[in-house]
Number of protein chains: 4
Amino acid sequence: MARPSNTDERREQITRALQKVMAKNGYDGASIADVASAAGLATGLVHYHFKNKLEILLAVVKRIAEAHDSNLAHVLEKAEGDPVRELAAFIDFHLALESADPETLACWITVSGEALRESRVRRAFEGAMAGTVESLASIVRRGVEGRVFRCDDDKSAACALVSAIQGYFVLSATVPSLIPRGSAARAVRQMATGLLSPTRPLPAPGRRS
Amino acid sequence: MARPSNTDERREQITRALQKVMAKNGYDGASIADVASAAGLATGLVHYHFKNKLEILLAVVKRIAEAHDSNLAHVLEKAEGDPVRELAAFIDFHLALESADPETLACWITVSGEALRESRVRRAFEGAMAGTVESLASIVRRGVEGRVFRCDDDKSAACALVSAIQGYFVLSATVPSLIPRGSAARAVRQMATGLLSPTRPLPAPGRRS
Amino acid sequence: MARPSNTDERREQITRALQKVMAKNGYDGASIADVASAAGLATGLVHYHFKNKLEILLAVVKRIAEAHDSNLAHVLEKAEGDPVRELAAFIDFHLALESADPETLACWITVSGEALRESRVRRAFEGAMAGTVESLASIVRRGVEGRVFRCDDDKSAACALVSAIQGYFVLSATVPSLIPRGSAARAVRQMATGLLSPTRPLPAPGRRS
Amino acid sequence: MARPSNTDERREQITRALQKVMAKNGYDGASIADVASAAGLATGLVHYHFKNKLEILLAVVKRIAEAHDSNLAHVLEKAEGDPVRELAAFIDFHLALESADPETLACWITVSGEALRESRVRRAFEGAMAGTVESLASIVRRGVEGRVFRCDDDKSAACALVSAIQGYFVLSATVPSLIPRGSAARAVRQMATGLLSPTRPLPAPGRRS
DNA sequence: GATGAATGAGGCTTCATTCAT
DNA sequence: TATGAATGAAGCCTCATTCAT
């Protein structure tokens, strides 16, 4: 008797549309009209499915974070619990910049900018970053336990590598020509070496040492 | 009878004002009215001294970059040409986050966001980043020449360390609680070790090894 | 197979809901969505039972007027046809403000505002007021016939007392603190005294003494 | 050197415009665009001179109240301190409805409606009503002191007459045909008679006189 | 140089009403 | 009857920029 609810689809559509528009125009530059039109919907419908623009942004952050976490988990699985290979996979997963989705990248930089001033965005951003840092810290910790890494502060080490990754995101999204082609993952692997003094070299991507 | 031109003062006032307002509200969120009021000037005057809002932003970028470069140069001078001490000084200069000016930090993150979509901002941002990378690359190069570092790609190494620094900027401005207190400089020094295999340890700040 | 029509119930539900919402938010401030939700119905259903928002408002006016008239009639019955007691009952019925339903009161003020500009609301409002005035005029008339009142214009007298009552409605709904507690009915009874068996006239303006 | 400020004129223009538009369309029905166009100004200018729509409404209330108070004071002056004449003048001033400005009248009813739900409007409305009541109460008090009135509660009496006046406002603005032509002032004068030198009281409800 | 009023486009949001199911 | 998604027109407000003085 009633129309079946398609709210979830619509919300997904709208979220995707904001992500796309925001990557090009920024958050403030992404008007609801733009978003609606990118989603192929009427303007009013956007506010039927989202209370306001900020909620869409939060949905975008959630969306990106969830996709990231799930992809990362998938990649880590292949390392079969070996911290050395996990670390390498972690780095390569994040810094295969050539094959990265530039839209998501730009969006993420934009999100970090909004996190500066909107507490709810900050919270969401923080959650995502904390999760990523913790995920890496756990790899480090297991490596230390297994005597393949040496490190007295896994949190700091994880945070440093995540910072390097985030910094590469910024550079590759804004001034990619500054990054020698293909150098990112390799350099971060070397930096990880400095932090963790691994007993055997970190494997390069694709290679299964 | 002509009044002495005070254009430079005014431009400086306005630039400083945008920097302040932008740190809190972002670039789009910084209205000319806000800027004028923060500068203690009338609205109309802003557009007398700047063609439009973008020009003020470019002036802000220039201002921050120049202050950065000059401060960095000053800090490096104290290392008396010793690449090892210069590298340590470079890292400490950027990552003494506790004493950093949060306004400038937030502003810089914001600028990187604008660089994503405004070509002139991107160019200015790129210039600043390129200068910083090159400055570090030159330290590395001289270290390699003097056999205190080992590294076959100074550009990549410099870029990696600058990325790490930029990443720490983002994290410290948005989710500072994620960074173990005081860990940033130390961790980056260790990462530099991995990149450059220095013959003697990088000195901690203040210590003259 | 036909479902028994519940249109009347639904219309009543919706009408009650508008009355409630309107008391708090005014007519323009009462969105159909608010009304539907207050009625526990789906939005679309409102327009199934009412052509448009105005029709609901008219139903509200009708509802309030009918309840008023029926309650008033009931109260007057107790006076057993004695105009003096009827008059007192009429006044007390309207001005027992302490026990009045504030929702209906606010709603009535709001209706009077809409009557200013919507002819159909005005007509409905006018009908209600005319009925009330006539009901009071009839009491006065019978009092005059029975020599318990003196008054040569029952319409004017009734209108004056109804005005006083309406004025008290406005004040008690907006600035109740201005009305000395419990004074309304008493004062109007005294005013009725003046109208219906006056002692000496106040001089008209311009006349001295 | 600078343009002379004309803010006061503009604010007055805008306030007058809202009063005019609001009399016809109500407060919610008076769009800023309507107001601007009625004032012969650009839309944006309205918000340059007023923070928001509510502030304009408050200015309207203030405007009406001040004009009222000043006109009333002027009228009362002519009564040369004689309470009896002052009372008559007070009543006639308010109830010369034939010569009243219908725009202001409608506006005042509308204001009372907004006072129901907006605390700042309520405060302003209350201030105006309290002033008027007090002004009348003071007349009554002096009349009692001078033995020309009998009344043990000047506040209640003043409030009753002001209610009657407010009620006449409502009726004359919405259903003028209900008021016998020219009866308002006369009837209120008679009601004042009842309040201020009553002969015998109406029986309270429940009592069977 | 300086002031601050003026302009008008455009942004976010709300809403009455319609419609497919 | 009932649902709730969909539409698109306004409405309020902000703002970069211009301009008269």
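The analysis underlying the following values was restricted to heavy atoms, covering all of them including side chains, and did not include hydrogens, waters or symmetry mates. Each chain gets a letter, A, B and so on, in the order its sequence line appears, and its residues count up from 1. Because the structure is predicted, anything quoted here is derived from the model rather than measured.
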Would you indicate which nucleotide in E/dG1, F/dA2, E/dT7 comes nearest to any side-chain atom of C/His49? F/dA2
Take atom CG of D/Asn6 and atom P of E/dA5, then tell me their distance rounded to the nearest Å. 7 Å
Value in whole Å for how far the C1' atom of E/dT17 lies from CD of C/Glu55: 14 Å
Looking at E/dA5, E/dT17, F/dG4, which one has an atom nearest to any side-chain atom of A/Tyr48? F/dG4
Side-chain heavy atoms of B/Arg63 within contact of B/Thr104, under 4.5 Å: no
For a quick check of understanding: with a heavy-atom distance under 4.0 Å over all strands, which category does A/Asp28 fall into, base, sugar-phosphate or nothing? nothing
Which of the following nucleotides, E/dC15, F/dA16, F/dT1, is nearest to the side chain of C/Leu45? F/dT1
Starting at the 5' end of DNA chain E, which residue's closest nucleotide do you reach first, C/Asn52 or B/Leu41? B/Leu41
OP1 or OP2 of E/dA16 under 4.0 Å from side-chain N/O of C/Thr43: no
Between P on F/dA5 and CZ on A/Phe50, what's the gap in Å once rounded to a whole number? 13 Å
Under 4.0 Å between any heavy atoms, over every strand shown, what does A/Ala30 touch: base, sugar-phosphate, or nothing? Just pick one. sugar-phosphate
Tell me which nucleotide, if any, is Watson-Crick or G-U wobble paired with F/dG8 when both distances must be under 3.5 Å. E/dC15
Between D/Gly29 and A/Arg10, who's closer to the 5' end of DNA chain F by nearest nucleotide? A/Arg10
Could you verify whether a donor N or O on one side chain and an acceptor N or O on the other, from C/Gln13 and C/Arg10, lie under 3.5 Å apart? yes
Rounding to an integer number of Å, can you tell me how far C/Leu57 CG sits from E/dA16 P? 13 Å
Side chain of B/Ile32, heavy atoms from C-beta onward: which of F/dC12, F/dA16, F/dA5 has the nearest atom to it? F/dA16
Please give, in whole Å, the distance from E/dT17 C1' to C/Lys51 NZ? 12 Å
A/His47 side chain, from C-beta outward: closest of E/dT13, F/dA16, E/dA2: E/dT13
Can you see if the side chain of C/Thr7 gets near the phosphate of F/dT1 - specifically, an N or O under 4.0 Å from OP1 or OP2? yes
Value in whole Å for how far the P atom of F/dT1 lies from CD1 of C/Ile14: 12 Å
The nucleotide from E/dA5, F/dA16, F/dT3 with an atom nearest the side chain of C/Ala42 is F/dT3
In the strands shown, is F/dT3 matched to any nucleotide by a Watson-Crick or G-U wobble pair with both distances under 3.5 Å, and which? E/dA20
Using whole Å, what does the distance between atom P of nucleotide F/dA10 and atom CG of D/Asn25 come to? 14 Å
Carboxylate-amine/guanidinium contact A/Glu12 A/Arg16, below 4.0 Å: yes
Scan side-chain atoms only and decide if A/Asp34 and A/Ser31 contain a donor-acceptor pair under the 3.5 Å cut-off. yes
Between D/Tyr27 (OH) and F/dG11 (P), how many Å, whole number? 14 Å
Residue pair B/Asp28 / A/Tyr27, side-chain heavy-atom distance below 4.5 Å: no
In terms of the nearest nucleotide of DNA chain E, which residue is placed more toward the 5' end: A/Ser31 or C/Leu54? A/Ser31
Check B/Arg120 with B/Glu55, please: is the shortest side-chain N to carboxylate O separation under 4.0 Å? yes
